Amino acid sequence: MTHLEQQVTNAFEESRDDVYRYLLTLGLAPAHAQDAAQEVFLRLYVALRKGESIRNPRGWVFRVAHNLGLDWRAKERTEPLEAATEALLRDLRPPADAGLIERERMKQIGDAWKTLSPQQRQCLHLRAEGLKYAEIGETLGISISTVREFLTRAIARLQKAAHE
Amino acid sequence: MSNATHPTQEALLRFADEDLALDEARGVEQHLAGCAGCRDEFLSLRETSEDIIRFHQTVLKPGLPDPPRAWEPPRWKGAASRVIPFPVRITAAAAAAVVAAVVLVRWIEQPVRVSAAELLRKAEVREQAATSPRQRIRIRYKNYSWTRSARLAGSAYPAPGDPAVIEAVLRQAGFPSEDPLSASAFSQWRNGLPERHDEVRRDPETYVVTTSAPTGVIREASLTLRSSDLHATGATLRYRSNETLDMDELPADGDDLQGAQPRIPELAAPPAETLPASPATPAEEVEVIAALHSLGADLGEPVDVARTGGVIVVSGAGLPASRQEQIRAAVSGIAGVRVVFEPGDGRRAGNGGLPGRTAAPPDLTNPLLDQLRAAANGAADPGDALIDATDRAVQRAYALAALARRFPPPAETALAASDRSVLRSIAMDHARVLSTSVGSMTGLLLRVLPPVNATPAATSSWQETADGVVAAARDADQAINAATGDLDARESRLAGALARLRGLIETMQTQLR
């Protein structure tokens with residue numbers, strides 16, 4: 001295995017599951033999300049092989065995953081994102097071993113999470129995956145000031161929910 | 001920021017997420033220190049932010065369906081063929097030529113023009129992956145010669161000859177003696193150079209990487225790599241004193257060297273409980289620091305020195321056996337010293353010892369580096385050189401700050417004149433490399449930034465200056481590496497940080513004289 005192949009394999013093993021789950025939240029069915037996640041890392045390999053300079057592969061793979069997810073949705077003319085993700089969010093459960101207060105807190109956050117707009121949720125999701133604001137903006141194709149605004153509003157809403 | 005202008009919720013969130021420019025962040029920090037209302041708001045926001053991360057990790061992601069199939073390893077072959085751009089209209093002959101070229105390029109795998117860094121990196125990867133280490137190497141220096149197994153395991157010296165002399169000259173050059181004939185040893189030396197010039201020559205069967213350095217003990221070093229597998233077969237170090245050290249791989253001839261030669265017994269560590277006979281003084285502490293400095297063990301390696309109750313404890317964790325031994329040997333003659341190494345996994349812990357520095361996540365689109373690369377117009381990548389120079393500067397800045405904390409002005413005044421001069425020569429050494437690194441940074445940035453004038457520093461001691469140096473070096477590092485910030489903000493922050501750094505270094509060099 002060449003050095004490059006090894007590098008991309010490492011990135012694949014480290015991030016494939018995160019990318020796959022992000023694609024699920026974009027409304028892709030599991031099998032499609034898994035294919036798309038595989039495809040993302042092949043594209044990373046191709047880009048690096050072409051000599052493209054990618055200083056943060058993790059930010060890069062989320063951006064490419066997001067675009068692949070949108071392409072796929074456009075091609076398949078799937079149901080609206082709201083409807084597709086509603087089912088995913090319906091049965092979320094706090095971990096069984098969490099204490100009563102933690103379960104209550106996670107339920108409050110989960111309920112409030114469902115009231116957020118898809119873009120607000122995507123911003124929070126990518127932020128929780130460790131992306132910086134600029135990377136979130138590039139992934140979603142929005143400006144950094146919009147990212148800040150989405151995040152501020154989303155977190156304010158969750159903050160309010162958690163303290164009610 | 002006065003109480004009249006409370007930070008907005010967005011500013012508080014950005015502060016928590018380290019998205020604010022340094023001066024804005026300082027403003028928020030100062031405001032929070034004096035405004036209980038905003039502090040409560042900030043803490044509540046941070047609490048929610050942590051709740052969200054926990055929700056994401058423990059509820060949302062585990063609640064999503066698992067992948068329906070096992071993951072397949074990526075298939076590179078298909079991917080690679082998609083990158084080769086074919087012209088839209090193509091004649092049969094041209095098509096054949098393109099196909100032939102593609103096949104040739106794939107077959108060779110290595111481009112003919114290859115940079116030293118790339119070649120060494122590839123060779124290192126192969127070395128790490130190699131399962132059968134090479135057999136024996138011979139090292140020659142002046143009239144001394146040492147034939148040994150290529151890789152020394154633990155503290156056993158399985159060979160006669162002149163190991164002490166040869167180890168000393170390798171060490172003096174900053175060349176690791178554990179496995180000296182290797183791409184990784186060569187890289188370790190090369191990466192430590194403040195300035196260097198590389199050349200790669202390709203012969204039919206070998207690559208020869210030659211790196212020359214304007215400063216340092218070694219003037220020039222060459223490493224010969226077999227082109228078929230990038231295995232290191234020979235190296236030559238040319239010292240500035242005009243001496244030469246040669247290393248060659250000896251053919252495996254079935255002669256079991258380790259079995260044939262007597263072993264020097266393991267250098268046993270003194271039992272940890274044994275207290276030294278005479279209590280250690282600050283003078284000995286200076287001596288220990290100087291010994292570690294001579295090994296480069298004061299540059300972020302996980303080695304700690306503490307003087308408590310008349311004993312100086314040199315401790316470390318996760319260091320390879322050979323490094324532990326070097327450190328033991330270097331401090332062994334000093335009174336009142338106890339050396340304690342925690343068992344490690346034998347791997348180098350990298351920058352783990354640098355306090356408070358997180359590796360800045362490299363940026364996907366870093367406008368500053370992009371601009372710099374564009375200005376370089378295809379010449380060697382100035383972005384990597386800039387990042388290297390910045391890393392060296394930050395490393396030295398931390399080393400200076402650590403030294404300053406260990407010997408604050410009153411402690412320094414209490415030292416004997418000779419110890420003080422040793423201490424200052426160590427600080428001066430760090431300041432010199434720092435200055436060279438900042439010089440390289442400024443030079444590389446000339447394409448995109450106007451020349452930087454030193455901002456004079458008003459500090460009363462070199463120790464105080466060292467604190468400023470760390471702040472300015474980190475500031476420069478963040479301006480270059482941070483994932484956020486537009487080009488203008490980065491440039492002005494970087495220019496400010498470099499100007500402060502230059503002023504501080506000049507001041508420190510005067511203070512140290």
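Each chain gets a letter, A, B and so on, in the order its sequence line appears, and its residues count up from 1. Values reported hereafter were calculated over all heavy atoms of this structure, with side chains retained and with hydrogens, waters and symmetry mates removed. Everything quoted here is computed from the prediction, not taken from an experiment.
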Considering only heavy atoms, which portion of [X] lies under 4.5 Å from any heavy atom of chain B: side chain, backbone, both, or neither?
X: A/Arg93; result: backbone
X: A/Leu24; result: side chain
X: A/Ile155; result: both
X: A/Leu4; result: neither

side-chain contact (heavy atoms from CB on, under 4.5 Å) against A/Asp111, all qualifying residues, sequence neighbours excluded = A/Lys107, A/Lys114
Which of parallel (below 30°), tilted (30 to 60°) and perpendicular (above 60°) describes B/Phe55 and A/Trp113?
->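 Because their plane-to-plane angle lies in the 30° to 60° range, the rings of B/Phe55 and A/Trp113 count as tilted.
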Taking the inter-plane angle between the rings of B/His56 and A/His125 on a 0 to 90° scale, is it parallel (under 30°), tilted (30 to 60°) or perpendicular (over 60°)?
-> perpendicular
Selection from [options] maximising heavy-atom pairs under 4.5 Å formed with chain B:
options: A/Glu149, A/Gln38, A/Arg58, A/Arg153; answer: A/Gln38
options: A/Glu13, A/His3, A/Met106; answer: A/Met106
options: A/Gly130, A/Ala33, A/Gly110; answer: A/Gly110
options: A/Glu102, A/Arg21, A/Glu129; answer: A/Arg21

Identify which part of B/Glu41 has an atom lying under 4.5 Å from any heavy atom of chain A, answering side chain, backbone, both or neither.
-> both
Could you look at B/Glu47 and say if it's the side chain, the backbone, both or neither that has a heavy atom under 4.5 Å from chain A?
->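 When you check distances to chain A, only side chain atoms of B/Glu47 fall under 4.5 Å.
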Give a yes-or-no answer on whether the side chains of [X] and [Y] include a donor-acceptor pair shorter than 3.5 Å.
X: A/Asn10; Y: A/Gln6; answer: yes
X: B/Ser187; Y: B/Ser184; answer: no
X: A/Thr25; Y: A/Gln122; answer: no

Should we say atom CZ of B/Arg226 is surrounded by more than 12 heavy atoms from elsewhere, each under 6.0 Å from it?
->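 Yes, enclosed.
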Under a 4.5 Å heavy-atom cutoff, which of B/Pro65, B/Gly63, B/Pro62, B/Pro73 has the most pairs with chain A?
-> B/Pro65
Among B/Asp17, B/Leu60, B/Thr58, who wins on heavy-atom pairs under 4.5 Å with chain A?
->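 Of B/Asp17, B/Leu60, B/Thr58, B/Asp17 has the most heavy-atom pairs under 4.5 Å with chain A.
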Residues that A/Phe150 engages under ring pair (Phe, Tyr, Trp, His ring centres under 6.0 Å), provided they are two or more places apart = none
